[in-house]
Protein chains: 2
Amino acid sequence: MEKIKAIYQTEMERVFKLLSNPTRLNILYLLEQQELSVNELVDYLDLPQPQISHNLAILKAHQLVTYRREGKKNLYKLDDPHILDVIDSTKKHAVHVVEGRAHRDEA
Amino acid sequence: MEKIKAIYQTEMERVFKLLSNPTRLNILYLLEQQELSVNELVDYLDLPQPQISHNLAILKAHQLVTYRREGKKNLYKLDDPHILDVIDSTKKHAVHVVEGRAHRDEA
DNA sequence: AATACATATGTTATTAATAACATATATTAG
DNA sequence: CTAATATATGTTATTAATAACATATGTATT
């Protein structure tokens with residue numbers, strides 16, 4: 001019986017912390033579908049631009065997204081393939097729990 | 001382009017929040033391997049018993065663990081199969097990032 | 001029923017995360 | 001070189017999470 005190696009655990013915690021924020025989670029979820037500029041994210045998520053930029057900076061600092069400049073725009077995309085799995089597995093779990101709860105809660 | 005449905009998003013956030021704590025992450029990681037009593041978790045994780053119990057209560061409240069009583073002991077186990085995937089995918093990501101960084105950081 | 005063991009709960013101080021806002025920088029177009 | 005657009009950074013107030021500790025409950029055994 002072993003607990004998680006400290007070095008991996010720290011990284012896992014970090015990722016989970018990043019994902020436990022609705023703004024960042026939605027950013028990653030949208031970028032999972034396609035590359036987007038800051039303004040496009042602002043439009044889709046209907047949040048103040050500084051909040052989007054701030055969270056993109058956090059995601060970038062932890063190597064979850066990268067960007068390239070195109071004209072005036074910064075186009076962001078995901079930087080790590082594994083994160084897709086994490087988000088998708090969790091979405092499955094969420095669907096499962098929510099559907100299960102819906103049943104349980106009926107009548 | 002759609003953001004995550006609010007009902008699922010809330011559940012996802014909740015799970016990520018639960019997992020972003022080292023104590024809870026390690027509890028789940030150990031329970032992934034076998035059913036354990038509170039005291040066994042205390043021994044493995046070398047943390048004060050109330051802290052373990054407190055976090056088990058949080059995990060139980062969110063349907064991530066259940067327990068059965070056996071004699072004097074409460075034996076806890078995982079309550080949700082999807083969580084395994086989430087933890088494992090994230091561990092893979094963590095290994096990837098940590099190994100990658102190790103290379104990058106050399107020389 | 002009393003004791004001991006196993007676990008749970010409640011309280012508080014400390015620390016960290018968040019959103020909101022103002023402002024700054026950088027690039028492009030005129 | 002100036003204005004406009006796109007994005008980034010800094011500051012602060014508010015709120016939430018955490019760990020640490022004391023204490024309570026609950027069951028088993030005698």
Between [N] atom [atom2] and [X] atom [atom1], what is the distance in whole Å?
| X | N | atom1 | atom2 | answer |
| --- | --- | --- | --- | --- |
| A:R68 | D:dT7 | CZ | C1' | 16 Å |
| A:Q49 | C:dC21 | CD | P | 14 Å |
| A:L19 | C:dA17 | CG | C1' | 15 Å |
| A:K73 | C:dT25 | NZ | P | 24 Å |
| A:F16 | C:dA17 | CZ | P | 16 Å |
| A:L59 | D:dT9 | CG | P | 14 Å |
| A:N39 | D:dT7 | CG | C1' | 8 Å |
| A:H54 | C:dA24 | NE2 | C1' | 15 Å |

Between [options], which nucleotide gets closest to the side-chain atoms of [X]?
| X | options | value |
| --- | --- | --- |
| A:K17 | D:dT9, C:dA17, C:dA8 | C:dA17 |
| B:P50 | D:dA6, D:dA22, C:dT7 | D:dA22 |
| B:K72 | D:dA6, C:dA6, C:dT18 | C:dA6 |
| A:V38 | C:dA17, C:dA19, D:dA8 | D:dA8 |
| A:R24 | C:dA8, C:dA19, C:dT18 | C:dT18 |
| A:A57 | D:dT9, D:dA6, D:dA19 | D:dT9 |

When you compare the side chain of [Y] with that of [X], does any pair of heavy atoms fall below 4.5 Å?
| X | Y | value |
| --- | --- | --- |
| B:K60 | B:V65 | yes |
| B:R24 | B:L19 | no |
| A:K91 | B:I4 | yes |

Open item on the list: Closer than 4.0 angstrom, basic N to acidic O: yes or no for A:E70 and A:K73?
Closed with: no
Open item on the list: Can you work out whether B:E40 or A:G71 has the more 5'-proximal nearest nucleotide on DNA chain C?
Closed with: B:E40
Look at [X] and [N] and indicate whether a side-chain polar atom (N or O) is within less than 4.0 Å of OP1 or OP2.
| X | N | value |
| --- | --- | --- |
| B:S53 | C:dA8 | yes |
| B:Y67 | C:dA6 | no |
| A:Q51 | C:dA19 | yes |
| B:R69 | D:dG26 | no |
| A:N21 | C:dA17 | no |
| B:N74 | C:dA6 | no |

Open item on the list: Taking atom OH as the centre, does A:Y8 end up with more than 12 heavy-atom neighbours from other residues, nucleotides or ligands that are less than 6.0 angstrom away?
Closed with: yes
Task: same_hphob_cluster(A:L75, A:L64) at 4.5 Å side-chain heavy-atom cutoff - done: no
TODO: State whether the side chain of B:H62 and the backbone N or O of B:I58 hold a donor-acceptor pair below 3.5 Å, judged by distance alone.
DONE: yes
Task: A:Q9 versus B:N26, side-chain donor and acceptor atoms under 3.5 Å - done: yes
Open item on the list: Between the opening five pairs and the closing five pairs of the helix from C:dA1-D:dT30 to C:dG30-D:dC1, how far apart are the helix axes, to 10°?
Closed with: 20°
